Amino acid sequence: MTAILTTENLTYQVQDHLILDQINLSFAKGHYVTIQGQSGSGKSTILRLLANLISPTAGQIRFNQQLITELDPIQYRRQVSYCFQQPVLFGTTVEDNLRFPFIVRNEPYDQKRVVAALAAFNLSSDTLTQKKEALSGGERQRVALIRNVIFHPQILLLDEVTTGLDETNQQLILQWLQRLNQSYGITMIAVTHDATELAQAKTLVKIEHGQVTEVRTHA
Ligand SMILES: Nc1ncnc2c1ncn2[C@@H]1O[C@H](COP(=O)(O)OP(=O)(O)OP(=O)(O)O)[C@@H](O)[C@H]1O
C-alpha cells in the first residue's frame, strides 16, 4: 500500500477544548475513504487540517512522504482539493467559475474540455451561460466539483458534499465521484452523515470525541 497522505499524532485544540487527539491515519493512494462520526466529533476539523486550511496544535501531516509545512501551499492546494458542503460560486455565470482553474494556472481556457466535463456530469453546454443564482443546489454543487477536478488533483477532500441534496443529485454526485476515483485514481476522503453513502463506503473511518475508534475495509 502506497500512502499518499498520513497523519502523525494529529492534534487540534482550541483553548482547553481538545477537538482532535493524536490522530494517526494513513490514506492509501487511489482509495476511497469515508469518515463517519457524530456531529461535533471532529470530522470536518480533520478535513480542514488535511486541506491545510488550519494548522494542527501538535503532530503533522505528510503528503507523498513530505511534510506539508515544507510544501508550497498553492501547489499543495492544487493537488489536494477541498470541496465544501455549500460551495461558493464566483462571478456571474457558470462559465466564469469554470474559467477560474485555467486562469489561476495561466493556462488557455479550453471550452471543449469544460463542455466534456459538464456532459460527464449530466449538464448541457447551455449551462455555461446560466447565471449562478439560477442553479439548483445540486447543479451548484456539480459546477463547484467540476471546478475542483478539471485539472485532476491527486486527492479530493469532500466535506458533506451531498448533504441537503435530493436523492437524484446525491446518487449522481456519488456515481461521478466513484468514476473519477476508478478512472483517474483520484484519492477520495469523504466526510458524511448520509446513510446511502455510508452503506456504499469501501473503507470507513469512525471518529468519536476527536479519536479514531475504528477503521474498517469492505472487500
Ligand atoms: N475554531 C474552533 N473554535 C472552537 N471550537 C471549534 C473550532 N473548530 C471546531 N470546534 C469544535 O470542535 C468540535 C468538532 O467540530 P467539527 O466541525 O470538526 O465536527 P464535525 O464532526 O464535522 O461535526 P458536524 O458533523 O456537525 O459537521 C465541535 O464541538 C466544534 O464546535
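Whatever order the structure lists them in is the order used to number ligands and atoms, beginning at 1. From a predicted model like this one, the values you see are computed outputs, not experimental measurements.
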Query raised in the report: Which ligand 1 atoms are under 4.0 Å away from a heavy-atom of Q38?
Result: 21 (O)
Query raised in the report: Can S41 be said to touch ligand 1, with heavy atoms closer than 4.0 Å?
Result: yes
Requested in this report: Can you confirm whether something in the protein, heavy atoms only, sits under 4.0 Å from atom 31 (O) of ligand 1?
Outcome: no
Query - Protein heavy atom at shortest distance from atom 16 (P) of ligand 1 - result: T45 OG1, 3.5 Å
Report task. For the pair T11 (side chain) and N9 (backbone), establish whether a donor and an acceptor sit closer than 3.5 Å, ignoring hydrogens and angles. Result -> yes
Query raised in the report: Does one side chain, of E160 or T192, offer a donor that lies under 3.5 Å from an acceptor on the other?
Result: no
Report task. Would you give the length of the straight line joining atom CD of E95 to atom OG1 of T129, rounded to the nearest 0.5 angstrom? Result -> 8.0 Å
Report summary line: Tested for side chain to side chain contact (heavy atoms under 4.5 Å, CB included) against Q36, the lone hit among V191, D194, V205, L204 is L204
**Report entry** Which residue and heavy atom of the protein sit nearest atom 14 (C) of ligand 1, plus the separation
**Finding:** G40 O, 3.3 Å
Query raised in the report: In terms of residue, atom name and distance, what is the protein heavy atom nearest to atom 25 (O) of ligand 1?
Result: K43 NZ, 2.8 Å
Query raised in the report: atom 17 (O) of ligand 1: which protein heavy atom is closest, and how many Å away?
Result: S44 CB, 3.6 Å
Query raised in the report: Taking all atoms of both residues into account, what is the closest heavy-atom pair of T7 and I23, and its distance?
Result: OG1-O, 2.8 Å
Query raised in the report: Can an N or O of S39 be found at a distance shorter than 3.5 Å from an N or O of ligand 1?
Result: yes
Requested in this report: Write out the residue and atom name of the closest protein heavy atom to atom 29 (O) of ligand 1, then the distance separating them to 0.1 Å.
Outcome: H17 CE1, 3.6 Å
Report summary line: The protein heavy atom nearest to atom 1 (N) of ligand 1 is V14 CG2, 4.0 Å
Query raised in the report: When only distance counts, is G42 in polar contact with ligand 1, meaning an N/O pair under 3.5 Å?
Result: yes
Query raised in the report: What is the minimum heavy-atom distance between V161 and Q141, and which atoms define it?
Result: O-NE2, 3.1 Å
**Report entry** Basic-acidic side-chain contact under 4.0 Å: R105, E107
**Finding:** no
Query - Heavy atom of the protein closest to atom 10 (N) of ligand 1 (residue, atom name, distance) - result: I19 CD1, 3.4 Å
Query raised in the report: Do the side chains of Y82 and W176 join up, straight or via other hydrophobic residues, at under 4.5 Å, putting them in one cluster?
Result: no
Requested in this report: State, to 0.1 Å, how close V14 and I19 come at their nearest heavy-atom pair, and which atoms those are.
Outcome: CG2-CD1, 3.6 Å
Report summary line: For H193, the ligand 1 atoms with a heavy-atom partner under 4.0 Å come out as 25 (O)
Report task. Verify the distance criterion only: is there a donor paired with an acceptor across the side chains of T34 and E197 at less than 3.5 Å? Result -> no
Report task. Within a distance under 4.0 Å of any heavy atom of E160, pick out the atoms of ligand 1 and give their elements. Result -> 25 (O), 27 (O)
Report task. Under 4.0 Å from a heavy atom of R48: give me the atoms of ligand 1 that qualify, with their elements. Result -> 17 (O)
